[in-house]
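Every chain is numbered from 1, with letters handed out A, B, ... down the list of sequences.
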Amino acid sequence: MAISLRNLSVDYSLPQGTAHALRGVSLDIEKGELLGLVGESGSGKSTVAFALMGLLANNAKVTSGTATIDGKSFDLTKRNATAALRGRGMAMIFQDPMMSLNPVFTIGTQLCEVLRRRSPGSDRKARVGMAEDALDKVKLSNPRRRMNQYPHELSGGMRQRVVIAMALLSEPALLIADEPTTALDVTVEAQIMREIIGLRDRIGCAVLLITHSLGLVTEYCDRLSVLYAGERLESGTVRQVQRQPGHPYTRMLFDCEVPIDRERQADASENRFTVISGDLPDPRRRPPGCIFNGRCDVSFDDCAVINPGDYPVGNEAEHRARCLRLATP
Amino acid sequence: MTDAISISNAQLRFGETAALDGVSLAIPQGTCFGIVGESGSGKTTLMRAVLGLQKLDQGEIRILGNPLVHSRAALKQRASFIQPIFQDPAASLSPRSRIRTLMNEVGTVLREPHAAMHERLRVILNRLGLPPGVIDKYPHEISGGQARRVAIARALLMKPSILIADEPTAGLDVSVQGDLLNLLQDIRRSDNITLVVISHNLAIVRLIAENAVVMRAGKVVEGGEVGSLFKSPREAYTRELLAAWPGVTQSKPTG
Amino acid sequence: MSGLVATLKRICSERDGRLGLAFTCLILVFALVGPLVSPDPNAIDIKARFAPPGVMHLLGTDNLGRDLMARTSVGTRYALTLAVMIVVISSVIGSLIGIVAGIAGGWVDRAVTAVFDIVNAFPPLILAFALIALYGKGSATFVLLVTVVFIPQFGRMARARAQTLRTLSFIEAERMLAVHPVTIVVRHYLPNVAGPIIVLASMNLPVVIAFEASLSFLGFGVQPPKSSLGTLIKDGFISINQSWWPTVAAALVLAIATLGATLLGEALRRVIDPKSAGVR
């Protein structure tokens, strides 16, 4: 097993009280696998990435959680637990590539810096060659010229390619991509996703793709985990979850997606969009029972009282969901 | 019947780049019209030109047959025909004014008696599912969803016959975006409003609009009735856009 | 009002803010209460000239035996009144000009910016001498002069804010509703420009106080027998061989006033950070 995250809980202290952003979230990613972590705003999906990288804000506190990366175990409740892994064992792609790029250095300088940190003794010329090679691999046109350009001279998609090239050079065991294509056009999104997959195939790392888009996950990922209000409600392979969503939330989320091939009906009342009514629960006071209870369309009395465990869906071992209906067949 | 909006040969350059490069299109009254394109396609610039927020270098825009003129008198007249719904409707509420003040401004513009305006407002708020008490709040005191509805209520208070929505679902979760789109569809049908939806989301436009155009680099690539436009696109670019769309498709096995 | 209380609370939450607030309150009390409890500031008592600080004269007397406590507090009140008046007038005028320039753009904007540049091109003291040569000495000239000198600062800030606001959807929404332009400026631009302008105004108060003192010191500000901090320092300076405390007393008040206002202004800026001020 390449990467495993066990029982991650994160609190934010806010002026109005303590908000529980994550409650006991666990994830497993095999080497060479793309895991999609799907969640809407307020689900805490980015907090997972920041907790792993040790980049949480000052008012955040990891109350429990361990990460195992390449056989080594890290206690995430300690500050800077994974500092040694940053940039080597782990790399991160942000929604805004400028979070990873320094605006005052050229692309070449920044790529060579990654190589210099990985192997300090290496030859400068060799590093430049490797950097150019990496830019070529992520299909950035004219790599030699790009090496001397500054980040502001590139478009959003090109900058994201540079960040992927940086990740490629640092050869991480785990690549975390937090909404890497949200700010990009669909055609560029498809290209960037192909580059991320290409990177995974080249260095065989595990990839955690954090996104709000089920479409992106079903298109590109091997497995997916669904996060809602700080809790993981379902996990399984994309095929399994798509064929038979174990949790009502997952099913409703799939229903909300507008398929590109859904056709318009002449009767306008048939062109309705699906909605999940209701609001997220208060992150400061978790209601008893199932976290999704207030918005669920198939809930029953016990749902308000019993907090469901993680039950297998069907007879597939890897596919699990936290819904009481699975416990009482 | 005259078209709600007709644009002929709209041209606009920002320095070296052509934001609009000879755009011509006609939007029939009472229909929903989609404008799709990626960033830099000129779709937002086109909307701003139609609203009179952006002057064209060349070309003509007619709203309900009347040429668009940049004068205060013309703006005043146009305001009661055509209203925008901005990309972040919540941000279209002035942050330091009470919602009541913002609504009263509409009454002042329309020279409508206070009581009559508030009676209409009461009906509109009720229809949008907003509590009457919302008008005594400041925009930052209400939720994002409510602010979005308040902005729409304010536009509706002008009794427009054309609504232009710029990326209405940008930044919204899938579980709530449908709510806004259903609302827009309902308003459009019950008030017989011409609705123009500008979006990068092809799937939504396909479902909500009767006709649509695809824009790229300031030009209209192709356009027509959505059924045929999306089912059998003539242009390679439209096919590329459709192919790149990630997603849950109906044709994939689901059972 | 709750906003004001919250702002004060946040100012008090740090040392510099508390210090600034304390100094400012001290000076305010001194300027407001001092003249009420002291003898006539212009009463001459030759027998008691150059009296050291004591029970009769808390800060001693000057070369004509006038009570320095009274003269200093009157001078402080005068300096504060002038400073507040000047800052208020120049910030209001500057904001309006700046907003109009920012909204209008084009030649209006260029003309306004050019005028601002021209005003700023002259060192304030040189400009002061020129104006005094033209119109003579006196408070009116002084107010006019300093107001004119300070308008560009406020104008520039308001212009920059207005340029940003102009592109925001809520201003565009107002325009699309055909709301009257004057209403838009007063109701939607002004409140959103006010934050940084208030901060700038509070930081300019000490500058104006010091400027008034320096002009009066040079003899171009307040005319005798009225007193101001500048004239007090000057008068004390002339007779510093006989007694040093008049100079020190007035200078100390000036130092506390400017330091207090500066610290308070800085604290206010941190609370209403220009970046987060305005649109939220």
### Message
Let me confirm one number: the CG-CZ distance from B/D88 to C/F170, rounded to the nearest 0.5 Å.
### Response
12.0 Å
### Task
Find the distance between CG (C/L177) and CE (B/M158) and round it off to the nearest 0.5 Å.
5.5 Å
#### Entry: side-chain contact (heavy atoms from CB on, under 4.5 Å) evaluation trace for B/R72 with C/H180
CA-CA 9 Å; B/R72 188 157 157 74; C/H180 197 276; 4.0 Å; yes
### Task
Verify side-chain contact (heavy atoms from CB on, under 4.5 Å) between B/S92 and C/E172, making sure each step is shown before the conclusion.
CA-CA 8 Å; B/S92 64; C/E172 292 195 332; over 6 Å; no
### Query
Between CZ of C/R175 and CG of B/L51, what distance do you get to the nearest 0.5 Å?
10.0 Å
### Summary
Rounded to the nearest 0.5 angstrom, the CG-OG1 distance for B/L53 and C/T167 is 11.0 Å
### Interchain contact, B/I85 with chain C, by part (heavy-atom threshold 4.5 Å)
neither
### Side chain, backbone, both or neither of B/T101 within contact of chain C (heavy atoms, under 4.5 Å)
both
### Query
Which atom names give the shortest non-hydrogen contact between B/S94 and C/N192, and what distance separates them?
OG-ND2, 4.3 Å
### Task
Without swapping roles, check the side chain of B/E105 against the backbone of C/E174 for a donor-acceptor pair under 3.5 Å.
no
### Message
Please determine whether side-chain contact (heavy atoms from CB on, under 4.5 Å) holds for the pair B/K76 and C/V179, giving the CA-CA distance in whole Å, both sets of side-chain angles, and the decisive distance to 0.1 Å.
### Response
CA-CA 8 Å; B/K76 234 175 153 169; C/V179 174; over 6 Å; no
### Query
Are side-chain heavy atoms of C/R187 and B/S97 found at a separation under 4.5 Å?
yes
### Spacing of C/Y189 atom OH and B/R96 atom CZ [to the nearest 0.5 Å]
15.0 Å
